[in-house]
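In what follows, a structure is listed as structure tokens, so that the remarks can point back to it.
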Amino acid sequence: MRTFLMIALLTSSTAGFAADTQMDEMQSVIKTQQEQIDFLLKQLDDTREVVLALKEQVDANAQATAEANEKAEILADNMESQPVMAESSTRFGGYGELHANMLENQVTGEDSNVLDLHRFVLFFSHDFNDRTRFMSELEVEHALSGDGKPGEVELEQAYIEYDWATNQSMRAGVFLVPVGILNETHEPPTFYGVERNPVEKNIIPTTWWEGGLQFHGGFADAWRYDAAFHSGLYTDADDNYAIRAGRQKVAKAKFDSGAATGRIRWLGIPGLELSASVQYQDDITQETDPTAGSAWLYTGHVSWRHKAFGLRALYANWSLDGEGPEEVGADRQNGWYIEPSWRFNDKWGVFARYNRWDNKAGNNSDTEYSQWDIGINYWLHPNVVFKLDYQDQDAPDGKKELDGWNLGVGYQF
Amino acid sequence: MALLAAWLVILTSQVAFAMETVYQEPGEFLEQNLPGCQKQVLWLKNDTKARIEQLVSHPYPGVRIRYCEKEGKTAWVLDEIGKTEPITSGVIVNQGRVEQVHVLVFRESRGAEVHRGAFTRQYENAALERDNTLDRYIDGITGATMSVSAVNRQVKLALLLDEVVREKSDDN
């Protein structure tokens, strides 16, 4: 019994010891786990703080981004509200041309070699507002003007232009008469040939400007019109009533007889212009010659450019009333030319032109001129051109018949 | 005297006229020619801006250009100065080639012939060459040289911007 008790005691004490050990271990595990939980909870708290901080940061960044975007939009709006191209309301431009003419009179065999700064032109314009502007063109011809000098200083344009409606304008002042191809657009890079063609020069007569009032504008999409009321020509018997000699250039011009010019143009196909002009003057001698009277000018032209091919053709005819002009054959003065051309690229182009004109076409004598021109243009820049051409003239008996080479350089800006 | 009177009447009635001719509102142009397009903004980086300024030959003050895009096509509404006033045109570009050109608003006193379909149809299918020229000749209009030049610049600019947009989407 004692033994049994001893064994039981020993066993129970051993079991008790084992239970205690297990308890300790469990407590230790629990403690460790608790520490880990505490650590994890702390980490969780830390992470939460970090997340919150990050969220604040993200919110702040989003706000900063929105503010930056808003500022960029404001800046962009501000910049876009500026004009596309800042430009002064007062502008100037110009054009000029230097010519070398190496010609020979086929009648006398005499050479005529000339180097001439033919034209030096400055444009000045000013926009008073969107609708009202001033335009002027001041020209020095042949470089040197004055008594006995070859040149002239000329004011070819000086007018106020007012846009009185959409696509409708009016001009008051000195303006280029709306006739022909070259009279209004004659900057050297815009045409072939060193010299302007002799038909427009002697018949129209280019360059021709008058003072008065001009209306111009467009209608029905492809149509444009001009209607001008202005000073007129002043020819006389001493000049055989030649039209070109009648230009007064608005220099204390006689104004006993005015003139009216109308023009209509059709621009319905890109590259094509069809145009017709008519002018009436009721006394082309400004009431100084009772043997002369009214005069009519009719002109028509086509200007076409399609890809490399170009074509210009013009006809002009003056009819002068009165026995004075009729006696010398000046009652009819007319001419025409045709000019095909080929533009190889932006730089090179060639042309040929045939011209016929007669300032005494009303008589039965041989008074008609004809001229062939053939040549080449080289555009160093769209606004700078070098030109070379050869002219072969056929003149009436007793008149100069000039054949030879022309070389030129011209510019516009 | 009658002429002078007519002139004075015209001068005093100037407020009755507006010089701006709106052929089509820009929104209507987009709706009609690229319906359902997504409005986008192209911000102009320095190199893009340099290319634009080289192409149009004048400073370009903007820093972004808005456009509309749908199925690879882009629509651009652009302003360019003709002689003194901006001309507003709309250009639709499809993968580097012009699909349509419309002059939307014209403000100059002359040169309005550029809005005609006979002129703008010349640009259809045109592409931009490496030297900033178009791959075809555009017949001009007598007396409207500066307006023609402005529309040329707008079409070339639209083609350039379309190229920039496509380069950008390739990078992404």
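Residue numbers start from 1 in every chain, and the chains themselves are labelled A, B, ... in the order their sequence lines are given, proteins ahead of strands.
For B/Asn46, the CG atom is loosely surrounded, since the number of other residues' heavy atoms within 6.0 Å does not exceed 12. Dense packing is recorded around NZ of B/Lys70, with more than 12 heavy atoms of other residues, nucleotides or ligands lying under 6.0 Å away. Residue B/Glu71 qualifies as open at atom CD: its count of foreign heavy atoms under 6.0 Å is 12 or below. Counting non-hydrogen atoms of neighbouring residues, nucleotides and ligands closer than 6.0 angstrom, the CD atom of B/Gln40 exceeds 12 such neighbours.
Residues of residues 118-136 of chain B that come within less than 4.5 angstrom of chain A, heavy atom to heavy atom, are B/Ala118, B/Phe119, B/Gln122 in numerical order.
The structure places CZ of A/Phe309 at 12.0 Å from CG of B/Asp139, a figure rounded to the nearest 0.5 Å. The structure places CD1 of B/Ile141 at 14.0 Å from CZ of A/Arg305, a figure rounded to the nearest 0.5 Å. One finds the CD atom of B/Glu113 at 8.0 Å from the CZ atom of A/Arg265 (value rounded to the nearest 0.5 Å). The CD atom of B/Glu85 sits 8.0 Å away from atom CG of A/Asp127, with the distance rounded to the nearest 0.5 Å. Atoms OH and CG, from B/Tyr137 and A/Asp346 in turn, are 9.0 Å apart once rounded to the nearest 0.5 Å. Here the straight-line distance linking atom CZ of B/Phe106 with atom OG1 of A/Thr166 works out to 10.5 Å at 0.5 Å rounding.
B/Arg116 and A/Leu267 make their closest contact through NH1-O, 3.9 Å (heavy atoms, listed as atom of the first residue, atom of the second, distance).
A/Glu161 touches chain B through its side chain: at least one heavy atom from C-beta onward sits under 4.5 Å away, while N, CA, C and O do not.
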